[in-house]
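For reference, the structure discussed in these notes is given below.
For the numbers below, each heavy atom of this structure counts, side chains included, while hydrogens, waters and symmetry mates do not.
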Amino acid sequence: MKTNVAGLVSYFYKNVTVNDVLKEAIMNAIQANATRININLQYEYERTLDGKTSNLGNLREIIIEDNGDGLTQENIDAFLEIATVHKRDIGGRGIGRISFLNLASDIKVKSISKEKKFVEFDFTNQFNEKKIKISDSDEQNVSYTKIHLNNLKLKNPKTQVTSCINFTKEKFNLMLFLKQQETEKCISINFMVNGHLTDEIKSSDIDCSKKIEYVNNDCKFTIYTFQNKEKQGIRIFYCANNIQINPIVISETFRTQYIFAITSEYFDEHANPERTQFNFHSNNDFSQTDMLSNIPDNNFEKDLKNLCLEIVYENEPNLVHENKKKLEIIKKKYGYFNFENIDVNSINFDEKEIITKIRNKINEKEDRLATLLEKPNVSIDELLNHVIDQNKHELAKYIFHRDLIAKKGLSLTNSGDNEDILHNLFFPQKTSVVVEKNKAKNHLYENCVWLLDDKFMSYVYSASDITINRINSEIGRGNSDFKSEKRPDLFILYNSPEDSDLHKDVVLVEFKKGNIDYKEKTSAIDQVDEYKEKLKKIVNNINNFYCYIICDFKADDNDIERVMINRSFTKVFSNNGCMYYGYLKGSETHVTFVSSNSIFSDAVVRNKTFLDILTTV
């Protein structure tokens with residue numbers, strides 16, 4: 001039966017890269033007991049327009065040489081057989097060499113075997129036994145294999161040696177280490193560019209930070225630990241015949257890289273021929289078929305994982321403390337979430353993942369509620385429980401965001417710019433809202449009048465830095481003869497619309513700069529009468545008129561306190577800062593003279609109470 005080598009090349013090895021060929025050649029060399037592998041990458045450098053040599057060259061030839069057993073007669077016989085079982089016990093499929101043909105059209109192989117035979121041939125699609133030249137070798141104590149790959153068929157001829165080195169380290173560091181443990185011989189892979197040494201990978205340089213033994217039902221396992229602070233992630237590799245199988249990924253993002261290599265004769269016996277996966281049958285099945293076999297119990301994989309994690313915890317004594325600090329940070333950012341079930345002992349403590357999982361859980365609850373509403377026979381109790389749970393989260397989120405604003409406001413002190421900042425924080429300037437006419441559903445989310453008092457959120461009209469003349473046109477009695485360009489900082493009609501015959505409560509807010517003297521601050525009280533008289537002409541049936549004067553001052557400001565006492569104002573309790581209340585009999589106006597610090601401090605306390613209730617219910 002003839003073998004269509006060209007067909008195998010195109011079927012099994014499409015888009016072969018330099019790294020694919022290096023992987024195959026290095027694997028063959030290690031399995032041939034080589035202790036030194038030289039990889040010489042020959043580049044041809046281009047000249048720039050000014051005659052200088054370019055830093056980027058085209059790879060034109062690859063020379064791979066090792067000091068292994070060479071092409072013995074057994075290896076030659078295996079080379080002639082496609083898909084041989086020659087190396088199946090160490091993970092070989094017997095077709096890897098075919099990949100060479102997809103990378104180079106000119107391949108020469110020379111070797112001196114440990115049997116003292118010199119072997120030479122050109123490897124092509126038409127390769128057969130007759131093309132192999134074998135003769136006796138006079139060289140003593142020498143064996144090697146040397147492969148020249150010329151006329152490279154590369155999609156990217158500017159393949160960089162650095163990428164080849166990094167790839168080799170990633171693929172073979174663990175194998176080199178384990179091979180050295182088995183043979184007690186150092187193995188080196190030397191990378192050269194045009195014959196000059198560029199980098200060397202040595203098995204003796206690969207440090208194992210810890211080695212432990214584990215026995216389960218007389219089945220022995222060895223765990224090797226490797227650390228790299230420059231990389232991230234935790235992975236566990238089960239290794240069969242020194243070959244790492246696909247890893248068990250514990251974490252992709254852990255700050256220090258931990259690689260655990262676990263070896264055992266049990267793994268050697270239960271890996272598939274390609275060394276890509278294991279076939280662990282039920283221990284009960286094994287015990288019934290072979291009572292003499294050393295088979296670990298069903299928990300051995302869990303035990304191995306726990307042993308690896310114990311090593312991580314030993315090397316990361318501050319891990320739990322740091323996780324607690326991270327949790328406190330995300331609580332400040334997302335205080336409306338419930339973090340009670342977060343495990344601060346977890347290796348996989350990832351803030352983004354935690355938030356994502358909580359959000360997904362909330363979305364799932366919302367989807368379940370939507371599905372529940374479609375059921376015709378759903379009970380009121382069941383529906384109510386789902387609605388309350390969902391509403392509790394939304395309300396907690398809203399209250400928490402209010403808390404962030406209030407805390408931010410505490411930092412706005414003693415600044416000449418505070419008047420505008422405070423004004424916009426409470427209600428954006430140059431805007432007005434007529435609630436019953438306004439089609440925007442979210443107007444309550446676009447201001448912070450709740451900072452004064454939550455009852456003011458029920459306003460029916462609000463105007464920020466708008467002339468009284470415009471207020472008259474929007475909600476007034478339509479008195480066209482009345483004109484005023486005065487602009488109250490914030491005007492709120494909060495309990496009845498203007499066209500109602502009911503009595504109305506009006507709120508007026510004035511903001512003062514933080515860097516003015518006490519006389520200018522307290523002069524705002526005298527402006528109240530003027531505003532009251534003008535507003536009475538456009539608003540019917542004013543029942544109560546409230547005025548808030550907000551500015552920066554300290555609770556121990558003697559000048560402010562003297563003025564307030566002289567005006568018969570009373571000092572009122574506040575959580576922080578200071579406020580004074582007085583009633584102006586002449587204009588029948590309630591006036592609160594309050595520091596911005598007091599406003600924000602009280603708001604923080606109110607919101608904290610709400611948030612504590614919502615996040616613990």
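Scored by the salt bridge (Lys or Arg N to Asp or Glu O under 4.0 Å) test, Lys325 finds no partners at all (sequence neighbours excluded). Residues passing the side-chain contact (heavy atoms from CB on, under 4.5 Å) test with Glu213, sequence neighbours excluded: Lys211, Thr222. Applying the side-chain hydrogen bond (donor to acceptor under 3.5 Å, both in side chains) rule to Arg606 yields the partners Asp454; only residues at least two apart in sequence or on another chain are considered. Partners of Lys210 by salt bridge (Lys or Arg N to Asp or Glu O under 4.0 Å), not counting sequence neighbours, listed by chain and number: Glu314. Under the rule for a side-chain hydrogen bond (donor to acceptor under 3.5 Å, both in side chains), the partners of Asp559 that lie at least two apart in sequence or sit in another chain are Arg562. Shown here are the side-chain hydrogen bond (donor to acceptor under 3.5 Å, both in side chains) partners of Asn166, two or more places apart in sequence or in another chain: there are none. Applying the side-chain hydrogen bond (donor to acceptor under 3.5 Å, both in side chains) criterion to Lys357, with sequence neighbours excluded, gives Glu353. When the side-chain contact (heavy atoms from CB on, under 4.5 Å) test is applied to Gln429, the partners found at least two apart in sequence or on another chain are Asp420, His423, Asn424, Ser464, Asp465. Glu588 pairs by the salt bridge (Lys or Arg N to Asp or Glu O under 4.0 Å) definition with nothing, not counting sequence neighbours.
Taking each heavy atom of Ala603 and Asn607 in turn, the nearest pair found is O-ND2, 2.8 Å. The shortest non-hydrogen separation linking Ile347 to Phe254 is O-CD1, 3.6 Å. The two residues Pro488 and Ile468 have their closest heavy-atom pair at CD-CG1, 3.8 Å. Residues Ser346 and Asn323 approach most closely at O-ND2, 3.2 Å, considering heavy atoms. Considering every non-hydrogen atom in both Asn19 and Cys164, the closest pair reads OD1-CA, 3.5 Å.
Within a 6.0 Å sphere centred on NZ of Lys326, heavy atoms belonging to other residues, nucleotides or ligands number more than 12. Sparse packing is recorded around NZ of Lys333, with 12 or fewer heavy atoms of other residues, nucleotides or ligands lying under 6.0 Å away.
No donor-acceptor pair under 3.5 Å is formed between the side chain of Glu301 and the backbone N or O of Asn299. Although no hydrogens or angles enter the test, the distance criterion places a donor-acceptor pair under 3.5 Å between the side chain of Ser163 and the main chain of Gln160. A donor-acceptor pair under 3.5 Å is formed between the side chain of Thr431 and the backbone N or O of Pro428. Between the side chain of Ser574 and the backbone N or O of Gly577 there is no donor-acceptor pair closer than 3.5 Å. Side chain of Asn318 to main chain of His321: no donor-acceptor pair is present (N/O by atom type, distance under 3.5 Å, no hydrogens or angles). Distance alone, capped at 3.5 Å, places no donor-acceptor pair between the Thr592 side chain and the Val594 backbone. Between the side chain of Asp489 and the backbone N or O of Phe511 there is at least one donor-acceptor pair closer than 3.5 Å. The closest donor-acceptor contact from the side chain of Ser209 to the backbone of Thr225 lies under 3.5 Å. For the pair Asn315 (side chain) and Ile311 (backbone), a donor-acceptor distance under 3.5 Å is present. Between the side chain of Thr589 and the backbone N or O of Val591, no donor-acceptor pair lies under 3.5 Å.
Tyr258 OH to Ile250 CD1: the interatomic distance, rounded to the nearest 0.5 Å, is 13.5 Å. The CZ atom of Phe593 sits 12.5 Å away from atom NZ of Lys571, with the distance rounded to the nearest 0.5 Å. Summarising the geometry, atom CZ belonging to Phe427 is positioned 7.0 Å from atom CG belonging to Leu490; distances are rounded to the nearest 0.5 Å. With rounding to the nearest 0.5 angstrom, the CZ atom of Phe172 is 9.5 Å from the CD1 atom of Ile201. Between Met457 atom CE and Trp450 atom CH2 the span is 8.5 Å, to the nearest 0.5 Å. Summarising the geometry, atom CG belonging to Asn228 is positioned 9.0 Å from atom CD1 belonging to Ile259; distances are rounded to the nearest 0.5 Å.
Listed by first and then second residue, the salt bridge (charged side-chain N to carboxylate O under 4.0 Å, His left out) pairs that reach into residues 359-379 are Lys365-Asp389, sequence neighbours excluded. For residues 591-602, no pair satisfies salt bridge (charged side-chain N to carboxylate O under 4.0 Å, His left out), with sequence neighbours left out. Within the structure, salt bridge (charged side-chain N to carboxylate O under 4.0 Å, His left out) pairs that include any residue of residues 244-256 comprise Arg235-Glu252, Arg255-Glu316, Arg255-Glu322 (at least two apart or interchain).
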When you look at Lys407 and Asp403, which way does the salt bridge (Lys or Arg N to Asp or Glu O under 4.0 Å) test go after all the steps? CA-CA 6 Å; Lys407 288 178 178 177; Asp403 189 60; 3.1 Å; yes

Take Asp526 and Arg567 through the salt bridge (Lys or Arg N to Asp or Glu O under 4.0 Å) test and state the conclusion after the steps. CA-CA 11 Å; Asp526 298 325; Arg567 289 175 176 264; 3.2 Å; yes

Determine, stepwise, if the pair Phe226 / Phe177 fulfils ring-ring contact (aromatic ring centres under 6.0 Å, His included). CA-CA 11 Å; Phe226 306 89; Phe177 173 85; 4.9 Å; yes

Could you walk me through whether Phe300 and Phe221 satisfy the ring-ring contact (aromatic ring centres under 6.0 Å, His included) test, starting with their C-alpha distance in whole Å, then the side-chain angles of each, then the deciding distance to 0.1 Å, before giving a yes or no? CA-CA 10 Å; Phe300 85 95; Phe221 300 87; 5.6 Å; yes

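Annotation: cation-pi geometry not satisfied between Lys537 and Tyr531 (NZ/CZ under 6.0 angstrom from ring centroid, within 45° of ring axis).
Taking the six-membered ring for Trp and thresholds of 30 and 60 degrees, Phe337 and Phe339 have ring planes more than 60 degrees apart, a perpendicular arrangement. Classified by interplanar angle (parallel below 30°, tilted 30° to 60°, perpendicular above 60°), the ring pair Tyr548/Phe456 is perpendicular.
A side-chain N or O of Tyr459 and one of Asn447 form a donor-acceptor pair less than 3.5 Å apart. The closest side-chain donor-acceptor pair between Tyr518 and Asp557, if any, does not fall under 3.5 angstrom. In summary, the side chains of Ser596 and Asp552 do present a donor paired with an acceptor at a separation below 3.5 Å, with no hydrogens or angles considered. Ser601 and Asn575 form no side-chain donor-acceptor contact under 3.5 Å, judged by distance and modelled atom types alone.
With respect to the salt-bridge test (charged N to carboxylate O, under 4.0 angstrom), the residues Arg470 and Glu474 qualify.
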